[in-house]
Every structure is written in structure tokens, then in C-alpha cells.
Protein chains: 2
Amino acid sequence: MNEKTDLPWDSPRFRNWLAVTRVCHAVERASAAALAPLGLKPAQLDVLMALYRHPGMSQHDLARKLLIGRSNITMLLPQLETRNLVLRSTCKKDKRVLRLCLTGEGESLLMKALDVQAALIEKVMSQSSPGECDMLGDQMRKVADILDIE
Amino acid sequence: MNEKTDLPWDSPRFRNWLAVTRVCHAVERASAAALAPLGLKPAQLDVLMALYRHPGMSQHDLARKLLIGRSNITMLLPQLETRNLVLRSTCKKDKRVLRLCLTGEGESLLMKALDVQAALIEKVMSQSSPGECDMLGDQMRKVADILDIE
DNA sequence: GTCTTTTCGTTCATGATTGAACCATTCCGT
DNA sequence: ACGGAATGGTTCAATCATGAACGAAAAGAC
């Protein structure tokens with residue numbers, strides 16, 4: 001009998017994906033540290049970014065886009081609202097939904113945070129050629145397709 | 001004056017890295033769901049994997065390898081120890097350190113969990129050719145170098 | 001050898017995240 | 001128009017990760 005059981009680590013896909021998650025985790029932590037001086041956490045930056053690109057979004061759609069629970073949004077928003085970074089207004093068409101927008105203040109803080117975040121990412125990806133970088137993105141979008149996340 | 005400010009989204013590196021984090025997040029959640037029937041959470045699987053590959057590891061080294069805090073390890077281990085998956089024994093050379101090992105039970109549960117996890121990763125990476133997959137891993141290892149995580 | 005400094009692990013308070021239960025509003029079949 | 005199903009948002013309890021402060025043990029300076 002063959003004692004040499006095939007361990008997942010022998011699979012290139014498994015091993016390489018582990019590298020992805022590991023690095024992702026590390027970058028997340030680095031991002032948290034870099035953002036701290038601005039009083040922002042990564043999750044909050046995600047919210048600001050989404051609202052910048054999709055003004056007037058509902059909380060439900062925001063949760064789906066960020067792949068987190070709706071209740072998480074409910075917990076996340078008051079912090080941003082009391083800092084006057086985000087504005088929440090009830091939708092006249094449907095009184096259930098709350099439309100979310102960045103305030104001017106929110107937008108300008110977002111820009112500062114994006115500078116920080118972009119610098120981190122540039123540093124982190126600095127050893128990837130444009131071609132490699134695009135291939136990376138393409139692979140990730142293929143994965144996103146498989147998991148169907150919009 | 002030029003109103004067209006350069007947004008980070010215009011940078012391939014920024015946009016593509018966002019795809020990475022997004023997908024990573026999604027796979028993490030899928031993994032949690034897939035592992036739930038085994039009563040394991042992703043963080044616990046990480047511990048088992050590390051201990052399988054580095055038997056006798058200390059908690060300090062385990063924390064460094066997993067990129068989490070030492071206190072987190074302290075909180076994580078009792079769950080695995082009471083389930084007889086992990087054995088903790090004091091080191092005779094240095095009475096401060098605890099040496100960690102998988103039990104037979106821990107190892108066999110790990111194997112089941114690895115099957116589940118490997119299946120998920122195979123599915124997720126199924127659209128990447130071996131060449132693309134290796135390039136992905138290579139890029140991630142370059143990033144790991146930059147962030148110097150062993 | 002003694003005293004100071006590190007290192008390993010734990011404790012604890014804090015903040016984040018989750019899912020289930022819930023209310024109000026809207027949608028839809030009849 | 002009416003009543004049940006579905007949807008958007010909130011609440012709440014439980015779980016989890018984090019970092020600072022701590023005690024015990026080891027290492028280093030002298």
C-alpha cells in the first residue's frame with residue numbers, strides 16, 4: 001500500500017491560494033495601521049468608497065456590495081453619521097429604505113484615506129509588472145464569477 | 001485648471017488589488033460555511049494546519065506564523081484542547097513555553113477539513129491554468145517579501 | 001551570584017461581526 | 001381592496017480579535 005497520502009499542500013492551487021489569503025490578511029492589518037491616524041478603520045473606508053461610487057445607495061445594497069450582513073451596516077453607519085461623513089435620508093418612494101450619501105466632509109476624508117491606501121497598495125504591488133497585475137485581477141474576477149458576487 | 005483628479009480606481013494596481021481582497025473575503029465566508037459541518041472555523045483550521053506542519057511549535061511562533069496576536073492563540077487553543085484535537089505540554093528546557101502538537105484525533109479531523117477546503121479551493125481556482133496559478137502565487141510571495149512575513 | 005531586561009503565556013476590557021428575531025412598509029395574488 | 005409574502009432596517013445576544021497590563025521564567029550585564 002502507498003503510505004504517501006496526497007496532501008493538499010502538494011496541489012499548486014491549494015498552496016498558491018494559501019499565499020493569497022495570508023498576504024491579504026497581512027495587507028489588511030497594514031491598512032488598518034496606516035488608516036489609524038485618520039481615525040478610520042478598513043471597514044469604514046470600504047463604506048466610504050462604496051458610497052462615493054454609488055451615491056444614494058440603500059443599506060441593503062451596500063451590505064451586498066461589501067459582502068457583509070445588513071446588521072453590520074446598521075452598526076457601522078452611526079459612527080460615520082455622527083462624524084458628518086455620511087448622510088442618511090429616507091427615500092420618498094419607499095419609506096423603508098434609507099438612501100446613503102457622502103457629505104463634503106466625508107468625501108474629503110475619503111480622498112485623504114485613498115491617498116494612504118493607494119500608497120500602501122502601490123508599495124505592496126510594486127514588484128508586479130502591469131501585465132502580471134492585470135492577470136492577477138483577471139483571475140480574481142474569474143473567481144468572483146464562480147462565487148457569483150456581482 | 002484640471003478638474004479631473006486622478007482617482008485611485010484609475011490605477012490598475014489599486015483596482016486589481018481590490019478584486020483580490022474582495023474575493024478573499026468571499027472565499028473566507030464560503031470556507032466558513034463549508035467547514036461548519038465539521039464544527040471547525042477557519043481560524044481553527046489554520047491552527048491545525050500550522051501544527052501539522054510544525055509539530056511542537058510554541059504559541060508565540062504559532063501566533064507569528066498565523067499573523068495574529070498571542071492572546072488570540074490563548075483564546076483559540078482551549079477549544080481545540082478540550083476537543084482532544086491538540087495537546088499542550090510544557091517544554092522542559094524552558095518552562096515558559098508550551099509545545100503544541102496535534103493528537104491523532106486532531107490529525108484525522110484535519111484531514112477531513114483539508115478535503116473540504118481543498119475542494120473549495122479547487123473549485124474557486126478552476127479557471128486558472130497552472131501557469132496563471134503559479135504566477136499568482138509568485139506575486140503573492142513577492143508581496144509577502146515586501147511586508148516581510150517570514 | 002544579583003539585578004535588569006526579555007520573552008512566553010494569560011487576563012481583561014473593548015470594539016467588531018454575525019445571525020436570528022423583530023417591526024414597518026411594500027408587493028402581489030385573488 | 002384585502003391579506004399574506006417579501007423586503008429594508010434595527011435590535012440583541014453570542015462570538016471573536018485585539019492590545020495593554022500582568023506574572024513567571026529565562027537571558028544578559030556586571
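The chains referred to below are lettered A, B, ... by the order of the sequence lines, with proteins before strands, and numbering in each begins at 1.
To the nearest angstrom, P of D:dT7 lies 11 Å from CZ of A:Arg64. The interatomic distance linking A:Lys95 (NZ) with C:dC23 (C1') rounds to 15 Å, in whole Å. Whole-Å rounding puts the A:Asp61 CG to D:dT7 C1' distance at 11 Å. One can place NE2 of B:His60 at 10 Å from C1' of C:dG9, the figure rounded to the nearest angstrom. Going from atom CZ of A:Arg99 over to atom C1' of D:dT7 covers 14 Å, rounded to whole Å. Distance NZ (B:Lys92) to P (C:dC8): 19 Å, rounded to an integer number of Å. In this structure, A:Met57 atom CE and D:dG9 atom C1' are separated by 15 Å, rounded to whole Å. Straight-line distance from the CD atom of A:Glu81 to the C1' atom of D:dG9: 13 Å, rounded to whole Å.
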Summarise how protein sits on nucleotides 10-17 of chain C as a single string, 5' to 3': B when a protein heavy atom is under 4.0 Å from the base, S for sugar-phosphate-only contact, - for no contact.
BB---SSB
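Using a 3.5 Å distance cut-off with no hydrogens or angles, the side chains of B:Ser11 and A:Glu122 do pair a donor with an acceptor.
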For a salt bridge (Lys or Arg N to Asp or Glu O under 4.0 Å) check, start with the C-alpha distance between B:Glu132 and A:Lys142, then their side-chain angles and the critical distance, and finish with the verdict.
CA-CA 12 Å; B:Glu132 289 172 331; A:Lys142 279 190 260 184; 3.6 Å; yes
Take B:Lys112 and B:Glu107 through the test salt bridge (Lys or Arg N to Asp or Glu O under 4.0 Å) and record every step on the way to the result.
CA-CA 9 Å; B:Lys112 290 196 197 95; B:Glu107 192 166 324; over 6 Å; no
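The nucleotide whose nearest atom lies closest to any side-chain atom of A:His25 is, among D:dA26, D:dT18, C:dT25, D:dT18.
Within 6.0 Å of atom NZ in A:Lys123, 12 or fewer heavy atoms from other residues, nucleotides or ligands are found, so the atom counts as exposed in its surroundings. Counting heavy atoms of neighbouring residues, nucleotides and ligands inside a 6.0 Å radius, atom CZ of A:Arg64 does not exceed 12 of them.
For the atom pair A:Ile146 CD1 and B:Ser128 OG, the distance stands at 7.5 Å (nearest 0.5 Å). Taken from NZ in A:Lys65 to CD1 in A:Ile73, the straight-line distance is 12.0 Å, to the nearest 0.5 Å.
Comparing A:Leu67 and A:Asp94, the nucleotide of DNA chain C nearest to each residue sits closer to the 5' end for A:Leu67.
At least one side-chain heavy atom of B:Met111 sits under 4.5 Å from a side-chain heavy atom of A:Leu7.
Direction change of the helix axis from one end of the helix from C:dG1-D:dC30 to C:dT30-D:dA1 to the other is 30°, with five pairs defining each end axis (rounded to 10°).
The backbone N or O of B:His60 lies less than 3.5 Å from no partner atom in the side chain of B:Arg70, so there is not a single donor-acceptor pair.
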